[in-house]
Structure formats: structure tokens, C-alpha cells
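Data first, discussion second: the structure below is written as C-alpha cells.
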Amino acid sequence: MPKLVVLEEIKEGMELALPLKNKFGQVLLSADVRLENKHKKILKMWGVTAVYIKENNNEYKDIDYSEETKGEAAKLLGLRLKWTPKNQNEEDLYEMALRNILEKHF
Amino acid sequence: MNLIEKIISGVNNLPTLPTVYSTLVEAVENPLTSSDHLAHIISSDQVSAFKILKVVNSPFYGFRGKIDTVSQAILHLGFNEVKNIVFALSVINFFSEDKIIQKFRPVDFWAHSIGVGIATRIIGTVIGERNIENYFLAGIIHDIGKLVFYEFAQKDYERVLEIVESKNCSIKDAETEIFGIDHTVAGQMLAEKWKLPQSIQNTVRYHHTGYVAGSPDVLVAAVHIGDIIARMLELGYPGDNLVPEPFHKVWEVLNIPKGFFYLMRKRLIGDFTQTVRLMLAE
């Protein structure tokens, strides 16, 4: 689960959860990079104010549900969502919504 | 007077922007104004200043209880972001008075709007947008046109909500059926009246299409997806339960990393719960 951390609170050893990109989509630092003090200085120079770091916390572990339960959740979602995901971002959105229904209603 | 004329007349007779916000905008236009003076203007309204400090210290902004004064808030978040929070809080206050439609309470409307604001700002952060100070505000006021109907044609808006329920259609379609225009058009009238920045006016007008009159726009695209996320996660209530399909071209504009939405869900819901509590508390 990524956590947004402001530059001042970055500590050595924290790992980037997502690639850091500039506004043109160019990757400045890849995901999984272990941050060191030198990175903090570089981030400051680039004008980066916050980054997403990995957070190891059991609270965020996802529960597994049976295929049957997932099917019921998909039916519930289908009452409100009438389209089919057509790319990776839309599949990701769909999975997010499905997981939300599972945790809220089952 | 027909319904559209009634709404246009209502918007024209609305008061101008809230006083503290207008004073702030005037002050910032003066090159001699210092940030201390701006902080003083905001602090002149103790209740607003207190609420602003609560909002900027929420986990959503990542500072967690370290900002004690309005001056510090300006220093950390920048004047525009603080000014936008002042504006958002004023508009929420302005439109949460006594008028209640049972099927669509202002508190649920604002909760949805705050959900869109949070999702939009998180998208702005992850795509590396440097100027994200308008993202939260753009999300919060994207549906402001619904409040125009709510304020000036309450009985007719109750009919809109009945149509949504009976036909299971979008509120946008039901508004067009009753008024001949939808909330994006009504919202733009208000945004123009209040002379909001063009970027914000565009999000009010085009958040359903994701593009500005056929042209890509990052902020509009972010609000478009922010709205879909808030609907998917059932954050507040926007007047109907449907989740619209994203406009396919917005993905090229936003360039969002794979798996981002699924990963961000709990963080977003956590930020939403706390921010709603802080912004909508009396």
C-alpha cells in the first residue's frame, strides 16, 4: 500500500512504491528504488514535494474471497456500471470498485 | 418566466463571492501585498481560519498536525492552495443552508464533491503535475450547477430526482428532460458570474466529457476520472447511482501508472473520511 510522504519526512531506506515521473511522463526514479539522503537533495532540486513510498502494514492486506462471492459482487456492481473495461487503467478501476463492494457488503 | 429564464435570473441575482475570498483576490493582485498581510486577512475570520488549519493538517496534505498558523499554511501549501480552501469552505457554507430535498441532502452532495476533490488531487500528484493547487478545488466545485437548480428551482429538482429513480437514468439526463439544460451549463453560468479562473470553469463545464470542446486538458481529465472514482467507491451521493464510462482519450492525457487505482483505494477512503469530517463539521 503506497503512502504519500512529504520531502521533509523521507527517511533513508524508504522504498518508492510507484515510479516518480515528471509532467511529461518521463521516469525520474523507478519504483522500488531505496531512497538515500542524496535522493532527498535531488528531489528538492527537481521541485518534488512528496513521493509515494511502500508501507508494510498488515492492516492493508487484502482478504481473499471465493469466486462465488466475487461473482455476486460483480452482479451488484453491474447494476450501476454498464460498460466493460477496455484498457489496463479501466480494468484497474473496475478491480478497485469490485474490491470496495466486497469489503463493504460481504 | 420559463425555467431557464428563472435560473438565469437567479444566478444573476446571487451575491458575489464571499467577502474574505474577494478581499484575498484583491490583495493578491496588489504586488506590494506581503504573505503576512494575506494571512491577516484570512485570520480576520476566526472560524474560517480554524477550519483552514484543521483541513491543512489533515493526513490528505501529509503534514499531520504541524501547521499552527495561517502564515505557516501559506508557506507550506502556497497562497493559491490556501486561497482555494478558503473559497471551498465559503461555498460549502453558502449552499448548505435550510433547503433540504429528502432524496438529495446537501451533506451527501458535498461529501461526493469532496471525494472528487481528493481523488482529483491524488491523480494530479501521481502524474507529476507541478501546479496542483487547483486540483482539490476543481473537484470540490465541479457539480456546482446542481446547487443552482437546488437553490432556484427546488420543486422542479425534486421532479428530476423522481425521474432518476423511476428511469434509473443519470441526473444529467433527467435535468435536461426537465430544464432543457444540465448542471454543467448551469454551473458554468455561476462560475462565470463569480469570475472563477478559466481552468476551473472548464472543469465545471466539461467534467462529463473529459475534454474541453475537443481539446485535451489535464485538469478536466483528472476531474472526469475523479468523479468516476468517487461514484465507484460510493463517496457521498451525486444524485444518481450510475458510474459513467471514462472517455477513452483521457488515459492518453493522464498517463496513470498501472495498478494505481487499486493500490490507492484505502488511502483515498481514509483521506475522504477525515476530510469530510473536517470540512463539513459545524
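Order of the sequence lines fixes the chain letters, A, B, ..., with proteins taken first and strands second; residue numbering starts at 1 for each chain.
A pairwise comparison of heavy atoms in B:Tyr262 and A:Asp92 identifies N-OD1, 3.0 Å as the closest pair. What you find for B:Asn168 and A:Lys82 is that their closest heavy atoms are ND2-NZ, 4.4 Å. Here the shortest heavy-atom pairing between A:Arg80 and B:Met232 reads NH2-O, 3.4 Å. Shown here for B:Leu233 and A:Lys104, the closest heavy-atom pair between the two residues is O-NZ, 3.8 Å. Considering all non-hydrogen atoms of both residues, B:Lys266 and A:Glu103 come closest at CE-OE1, 3.6 Å.
Using a 4.5 Å cut-off between heavy atoms, B:Val126 contacts chain A through both its backbone and its side chain. Heavy-atom distances place the backbone of A:Leu79, and not its side chain, under 4.5 Å from chain B. Proximity to chain A (any heavy atom under 4.5 Å) is shown, for B:Ile122, by both the backbone and the side chain. Contacts between A:Leu18 and chain B at a heavy-atom distance below 4.5 Å involve the side chain alone, from C-beta outward.
Side chain of B:Arg265 to backbone of A:Glu95: no donor-acceptor contact under 3.5 angstrom is found.
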Go through it in stages, so that I can follow the logic: the residues are B:Phe260 and A:Asn89, the test is side-chain contact (heavy atoms from CB on, under 4.5 Å), and I'd like the CA-CA distance, side-chain angles, deciding distance and then a yes or no. CA-CA 8 Å; B:Phe260 170 73; A:Asn89 284 133; over 6 Å; no
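Of the residues considered (B:Val243, B:Leu254, B:Ile256), B:Val243 shows the highest number of contacts with chain A, using heavy-atom pairs under 4.5 Å. Counting heavy-atom pairs under 4.5 Å between each of B:Ile225, B:Ile229, B:Ile228, B:Val218 and chain A puts B:Ile229 at the top.
Defined by atom type and a distance below 3.5 Å, a donor-acceptor pair is present between the side-chain atoms of B:Trp251 and A:Glu90.
Separating the CD atom in B:Glu245 from the OG1 atom in A:Thr84 is a distance of 7.5 Å, to the nearest 0.5 Å.
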